[in-house]
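This report concerns only the one structure given below.
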Amino acid sequence: MEKQLQLARKIVPDLTDELVKRYRILKTVNLMEPCGRRPVVISLGMTERTVRSEIEKLNAQGLIRVSKTGMVVTEDGREVLEGLHTTFFTLIGLTELEEKITALTGAKKIFLAQGNSDESERTRKEMAQIGARILLENVKKTSRIAIAGGSTMAELVNAMPVAAVSKAAMVVPARGSVGRRLELQADTLAAKLAEKLDADYRMLHLPDNLSSKVLEEMREEPEIAETVEEMKRATILLLGVGNALEMAEKRRLHQDTYTYLQEKQAVAEACGYYFDHNGNVVFETNSIGIHADDIQRMETVIISAGGAKKADSLLALSKTMKNAIYIMDEEAAHRMLEKS
């Protein structure tokens, strides 16, 4: 396929360029619908004149429907997107990039979203849709899902369609509540995801950095003990990845701990664990959550993170979580290759 496309590009370079351009516009509308032209222009960096012209053509072909409420992709348009996905990825080099990152990390599977999630809402939505699709492909009616907090996981939950029938047995938070934004906390996301999957759920109302004595007392509380037991039975883990020092600040760790993390060259944080470049755990927050050993026995671990600053974090995690499926953006993938 790749060789054939390269030959086709040599014969009709304008044709393949047009294909890539129209596919990108169609994909962007699909991700952001219903939307006007302006978000497409901003997301793709194309001129408004170009986007307007291409949308008129896609509308005439019945691939996009334009109305007062905004543009949406038609069923024919979705069929085109699905059918040309592999061709598009090959043409723009993302298939080769996925293969390189898979070889670099030894991960179970790598999925890439086009662009840079630090700058593009379109890329963040694409990563979220990929995550939702992968979860649906791996979930069973008997599955027990643990989900971490954060903006990336919140996007994934928002992208998850509402199930007509029950898709999972249980959803639990992967750890206690972190941060001040309720809508990004693992508790909140677990409840929202359970609603969409028509599953039962448990919550864990515990902040970080409680004293060991208080934590042990809290573990004895029946409701918390039940949630902890459900966490141990989780078969699927949805996990975001943070920059170690940024997360230390966000969690207001003591200055001595922050300095310690700097000395240990911590680069990644996930589920309360801080990792160095080699994937070694150098610090663990005093909290209740999914244990590192539990992650290794999970049936499915889905890790999602994007942006240039997450490259070191993803590389570190890949050295200790090779059983995981990784979702990242193009920017993070290129930076990972540069650092390897």
Side-chain angles (χ1 to χ4, degrees), residues 104-107 118 146-153 173-181 184-187 189 204-219 224 228 231-232 237-298 301 303-324 326 328 332 335-336 338-340:
L104 173 65
T105 61
D118 284 340
I147 182 170
S151 58
T152 302
M153 291 297 102
R175 56 174 297 127
S177 300
V178 177
R180 296 183 176 181
R181 295 183 60 182
L184 300 183
Q185 292 179 1
D187 264 354
L189 298 183
L204 188 65
H205 304 291
L206 284 177
D208 261 1
N209 302 316
L210 293 174
S211 69
S212 298
K213 181 180 179 181
V214 171
L215 273 180
E216 288 306 312
E217 290 176 355
M218 295 301 290
R219 284 180 186 273
I224 292 176
V228 171
M231 293 165 81
K232 291 179 180 178
L237 175 63
L238 301 175
L239 194 60
V241 184
N243 174 278
L245 298 182
E246 286 185 6
M247 292 305 298
E249 284 188 13
K250 186 178 293 186
R251 289 179 174 159
R252 302 178 187 179
L253 298 187
H254 193 277
Q255 182 59 43
D256 289 346
T257 302
Y258 188 90
T259 302
Y260 175 81
L261 291 173
Q262 286 180 310
E263 292 173 351
K264 290 294 184 178
Q265 298 183 338
V267 296
E269 186 279 334
C271 220
Y273 292 91
Y274 290 78
F275 303 83
D276 63 16
H277 284 280
N278 296 316
N280 299 314
V281 176
V282 296
F283 182 74
E284 177 184 353
T285 54
N286 203 24
S287 61
I288 295 176
I290 295 288
H291 195 273
D293 292 339
D294 295 330
I295 298 175
Q296 299 302 325
R297 56 127 187 109
M298 294 276 185
V301 178
I303 298 174
S304 184
K309 62 184 179 181
K310 296 293 180 68
D312 282 328
S313 303
L314 286 164
L315 282 170
L317 233 62
S318 70
K319 292 176 181 177
T320 187
M321 297 185 190
K322 292 190 178 294
N323 64 326
Y326 287 82
M328 63 187 73
R335 291 301 180 94
M336 289 169 72
E338 290 173 6
K339 293 174 177 290
S340 62

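Note that the structure is a prediction, hence the values are computed from the model and not measured.
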Side-chain contact test, heavy atoms from C-beta onward, threshold under 4.5 Å: evaluate it for [X] versus [Y] and give yes or no.
| X | Y | result |
| --- | --- | --- |
| Gln262 | Leu245 | yes |
| Glu269 | Arg251 | yes |
| Met321 | Ile295 | yes |
| Gln265 | Phe275 | no |

Atom [atom1] in [X], atom [atom2] in [Y]: separation rounded to 0.5 Å?
| X | Y | atom1 | atom2 | answer |
| --- | --- | --- | --- | --- |
| Met298 | Asp293 | CE | CG | 11.0 Å |
| Arg335 | Met328 | CZ | CE | 14.5 Å |
| Thr152 | Leu238 | OG1 | CG | 12.0 Å |
| Cys271 | Leu239 | SG | CG | 5.5 Å |
| Gln185 | Leu204 | CD | CG | 11.0 Å |
| Lys310 | Ile303 | NZ | CD1 | 12.0 Å |

Is it the case that more than 12 heavy atoms not belonging to Lys264 sit under 6.0 Å from its NZ atom? no

Got a sec: does the NZ of Lys322 have more than 12 other heavy atoms crowding it under 6.0 Å? yes

Can you name the closest pair of heavy atoms from [X] and [Y] and give their distance?
| X | Y | answer |
| --- | --- | --- |
| Leu104 | Ser340 | CD1-CB, 3.4 Å |
| Gly307 | Ala332 | O-CB, 3.5 Å |
| Ser313 | Gly242 | OG-O, 3.5 Å |
| Gln296 | Asn323 | O-ND2, 3.8 Å |
| Leu261 | Ala248 | CD1-CB, 3.8 Å |
| Ser304 | Met153 | CB-CE, 4.0 Å |

Which residues share a side-chain contact (heavy atoms from CB on, under 4.5 Å) with Ser318, sequence neighbours left out: Thr105, Tyr326

side-chain contact (heavy atoms from CB on, under 4.5 Å) filter on Ala146, not counting sequence neighbours, yields Val172, Ala174, Ala234, Leu237, Ile290

Is the backbone of Leu253 close enough, under 3.5 Å, to the side chain of Thr257 for a donor and an acceptor to pair up by distance? no

Could I get the full list of salt bridge (charged side-chain N to carboxylate O under 4.0 Å, His left out) partners for [X], not counting sequence neighbours?
| X | value |
| --- | --- |
| Lys339 | Asp312 |
| Lys309 | Glu246 |
| Asp276 | none |

Audit row: Leu315, His277, side chain to side chain contact (heavy atoms under 4.5 Å, CB included) steps and yes/no: CA-CA 7 Å; Leu315 282 170; His277 284 280; over 6 Å; no

With sequence neighbours excluded, what pairs up with [X] under the side-chain hydrogen bond (donor to acceptor under 3.5 Å, both in side chains) test?
| X | result |
| --- | --- |
| Glu263 | none |
| Tyr258 | Glu249 |
| Ser151 | none |

Start with the C-alpha distance between Tyr273 and His291, add both sets of side-chain angles, then the distance that settles side chain to side chain contact (heavy atoms under 4.5 Å, CB included), and finish with yes or no. CA-CA 9 Å; Tyr273 292 91; His291 195 273; 3.6 Å; yes

Ring pair (Phe, Tyr, Trp, His ring centres under 6.0 Å) partners of Tyr274, counting only residues at least two apart: Phe283

